[in-house]
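Residues: numbered from 1 along the sequence shown.
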Amino acid sequence: MNRHPGTVLRAALSFALVISLSVPTYAGAARPESETGGVTAAHRSRADLASSSGTSGRVLVAYKPGKRSEAVASAKSRGASLVSTSERSGFVVVKTPASTSDKAFAAQIAKQDGVKYAEPVYTRRAAFSFTATDTYYPMQWGLERVGAEAAWDVTRGASTVKVAVIDSGVDAGHPELASQVDTANDYDFVDDDAVANDANGHGTHVAGIIAAETDNATGVAGLANESTLLPVRVLDAAGNGDTPAIVNGIRWAADHGARVINMSLAGGDFSQAEYDAVQYARGKNVVVVAAAGNNADWPVSYPARYPGVIAVGSIDNADALSYFSNIGAQIDLVAPGEDILSTYPLALTSTAFGQNGYEMKSGTSMAAPHVAAAAALVAAKNTSWTPDQIEGTLKTTADDKGPAGRDSAFGWGVVRPDQALAAVAPSDLPSIGDDNIP
């Protein structure tokens, strides 16, 4: 695709004018939907939100090399039953005895022979929870905000740069995504099969922000639209997933050619297995990006909170921090995350938007893929750069917001891939991990 990027924006504007006629507008602020639907996040208690990412009556037991049998035997001798085994990542999942809490049992089993560590199986949820119902903003305002056209003058990405969408899957049959998806290496860790179909819609929306086909005179444009998408399904049809699936998903992506990983999902608990998987991916030259979470004044969620993960918050089209965006010292960057129009599974699209295959969503889930796409663009231009160099460049070239320098709301500022592409490899990297210690 070598057409001038200006044609993309003209096509987008034409589409925006058509679709805006059929989208109702509403007075007042957007009405967010919670992670579980129905109840607004503003009306949910902290206890409710904490329990939504809690444990599930299962414990992940990481075993020492060659000690799987001993670890399983120790768990069974204390009343647990084996649920699943992952030789790929070196752990088993066991059902917690009815008389013991997950955390208490994990503490007991962690001390046994052959056990490296043990922890409750935590749940993660898709970090988009807010559907825009207020005034309809121009289509894909986020691309203009991050300097997409100037970036496209340098590169639109490369098919050799794979961006793993660790999410609810991707609708590989969507006309905007069919030519972008690596269907030979996708995987579904929910149903444990080789087809990462999307029964929720979240992953398809994220995928379109990253790499929807561009300059095709229809639909939406992706920021890194010549990159390859690698779908890895870890969230079910309700948008929920657990740490064993996510751990396996991260390692799978790293082992199957991902250069960038995007995780638009969030939860409130530290997982050693998840942390180890992130470090494994970074050790394989992968840039890891995650959504900060949508609980407003809550701290940054996991996995965004881990060292080595680019934690992304959300801004609106007036450059204000989105009211739902989590804050804290671990925030690295912010990106457009409100009223973002992108691809959506054809079978799941609401007719309210008057355009089959597209939906408008808001959340840090929508902000994170802007940063993942920016990383993919930088990686396409600078093929030898390390994850540290790519991350450092995105930080030092961001548009500073809030107090001068890094702050707990905007991090280093609004991601600007156009400015990052104009930069040379940084020799003095900004800190990427010392304030992210779990």
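- No side-chain heavy atom of Ile340 sits under 4.5 Å from any side-chain heavy atom of Lys361.
- Within the 4.5 Å cutoff, side-chain heavy atoms of Leu177 are placed close to those of Leu229.
- Put simply, the side chain of Gln272 reaches to within 4.5 Å of the side chain of Tyr275, judged on heavy atoms.
- Looking only at distances, a side-chain donor or acceptor of Thr386 sits under 3.5 Å from a matching main-chain atom of Gln389.
- Put simply, the side chain of Ser271 never gets that close to the backbone of Asp269: no donor and acceptor are under 3.5 Å apart.
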Intermediate values then yes/no, side-chain contact (heavy atoms from CB on, under 4.5 Å), Val232 and His256:
CA-CA 11 Å; Val232 182; His256 288 79; over 6 Å; no

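- The aromatic rings of Phe189 and Trp252 sit perpendicular to each other, their planes meeting at more than 60°, with 30° as the lower class boundary.
- Taking CD1 of Ile209 as the start and OG1 of Thr204 as the end, the distance is 11.0 Å to the nearest 0.5 Å.
- A 4.5 Å side-chain heavy-atom check between Trp152 and Leu143 finds at least one atom pair inside the cut-off.
- By the neighbour-count criterion of 12 heavy atoms within 6.0 Å, atom NZ of Lys116 is sparsely surrounded, having that number or fewer from other residues, nucleotides or ligands.
- Side chains of Asp276 and Arg251 form a contact here, defined as non-hydrogen atoms less than 4.5 Å apart.
- Using modelled atom types, no side-chain atom of Ser264 and backbone atom of Ala291 make a donor-acceptor pair closer than 3.5 Å.
- Looking only at distances, no side-chain donor or acceptor of Asp191 sits under 3.5 Å from a matching main-chain atom of Asp193.
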Kindly indicate, with the supporting measurements, whether the criterion side-chain contact (heavy atoms from CB on, under 4.5 Å) is fulfilled by Tyr117 and Leu60.
CA-CA 8 Å; Tyr117 60 83; Leu60 183 153; 4.2 Å; yes

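- Looking at Leu321 and Ile327, their side chains come closer than 4.5 Å, going by heavy atoms from C-beta outward.
- The two residues Ala196 and Asp186 come nearest to each other via the heavy atoms N-OD2, 3.0 Å.
- The heavy-atom pair separating Ser362 from Glu338 by the smallest distance is OG-CA, 3.3 Å.
- Between Arg58 and Asp242 there is a salt bridge, since a side-chain N of the basic residue sits under 4.0 Å from a carboxylate O of the acidic one.
- Side-chain atoms of Ser365 and His202 include a donor-acceptor pair closer than 3.5 Å.
- The distance from atom CD of Gln419 to atom OG1 of Thr393, rounded to the nearest 0.5 Å, is 12.0 Å.
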Go through it in stages, so that I can follow the logic: the residues are Asp332 and Lys395, the test is side-chain contact (heavy atoms from CB on, under 4.5 Å), and I'd like the CA-CA distance, side-chain angles, deciding distance and then a yes or no.
CA-CA 7 Å; Asp332 293 305; Lys395 290 176 176 180; 3.3 Å; yes

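- In terms of heavy atoms, Ile310 sits closest to Leu394 at CD1-CD1, 4.4 Å.
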Would Ile250 and Ile261 satisfy side-chain contact (heavy atoms from CB on, under 4.5 Å), going step by step from the backbone distance to the final call?
CA-CA 8 Å; Ile250 295 169; Ile261 284 174; 4.1 Å; yes

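- Remark: the backbone N or O of Leu421 is paired with a side-chain donor or acceptor of Lys381 at under 3.5 angstrom.
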When you look at Tyr187 and Asp192, which way does the side-chain hydrogen bond (donor to acceptor under 3.5 Å, both in side chains) test go after all the steps?
CA-CA 8 Å; Tyr187 201 84; Asp192 197 23; 2.6 Å; yes

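- Remark: the Asp198 side chain and the Ser168 side chain contain an N/O donor-acceptor pair separated by less than 3.5 Å.
- Considering only heavy atoms from C-beta on, Asn317 stays 4.5 Å or farther from Asp339 through its side chain.
- With hydrogens and angles disregarded, a donor-acceptor distance shorter than 3.5 Å links the side chain of Glu176 to the backbone of Val220.
- Rounded to the nearest 0.5 Å, atoms NE2 (His370) and CD1 (Ile210) are 10.0 Å apart.
- Between Phe324 atom CZ and Ser314 atom OG the span is 3.5 Å, to the nearest 0.5 Å.
- Taking both residues in full, the closest heavy atoms of Pro387 and Arg282 are given as CB-NH1, 3.8 Å, listed atom of the first, atom of the second, then distance.
- Gln140 places a side-chain N or O within donor-acceptor distance of the main-chain N or O of Ala221, the cut-off being under 3.5 Å.
- For the pair Lys401 and Asp407, the tightest heavy-atom approach, listed with the atom from each and the gap, is O-OD2, 2.9 Å.
- Counting heavy atoms from C-beta outward, Leu346 and Asp171 have side chains that approach closer than 4.5 Å.
- Side-chain N/O atoms of Thr364 and Asn326 include no donor and acceptor closer than 3.5 Å.
- Without hydrogens or angle criteria, Gln180 side chain to Asn225 main chain gives a donor-acceptor distance under 3.5 Å.
- In this structure, a donor-acceptor pair under 3.5 Å is absent between the side chains of Glu274 and Thr243.
- Arg259 places a side-chain N or O within 3.5 Å of a backbone atom of Asn285 that can act as its donor or acceptor partner.
- Across every non-hydrogen atom of Ala311 and Ala304, the tightest pair is CB-O, 3.5 Å.
- Judged by distance alone, the side chain of Arg145 and the main-chain N or O of Ala335 form no donor-acceptor pair under 3.5 Å.
- Atoms CD and OH, from Gln279 and Tyr306 in turn, are 10.0 Å apart once rounded to the nearest 0.5 Å.
- Atoms CZ and OG, from Arg156 and Ser227 in turn, are 12.0 Å apart once rounded to the nearest 0.5 Å.
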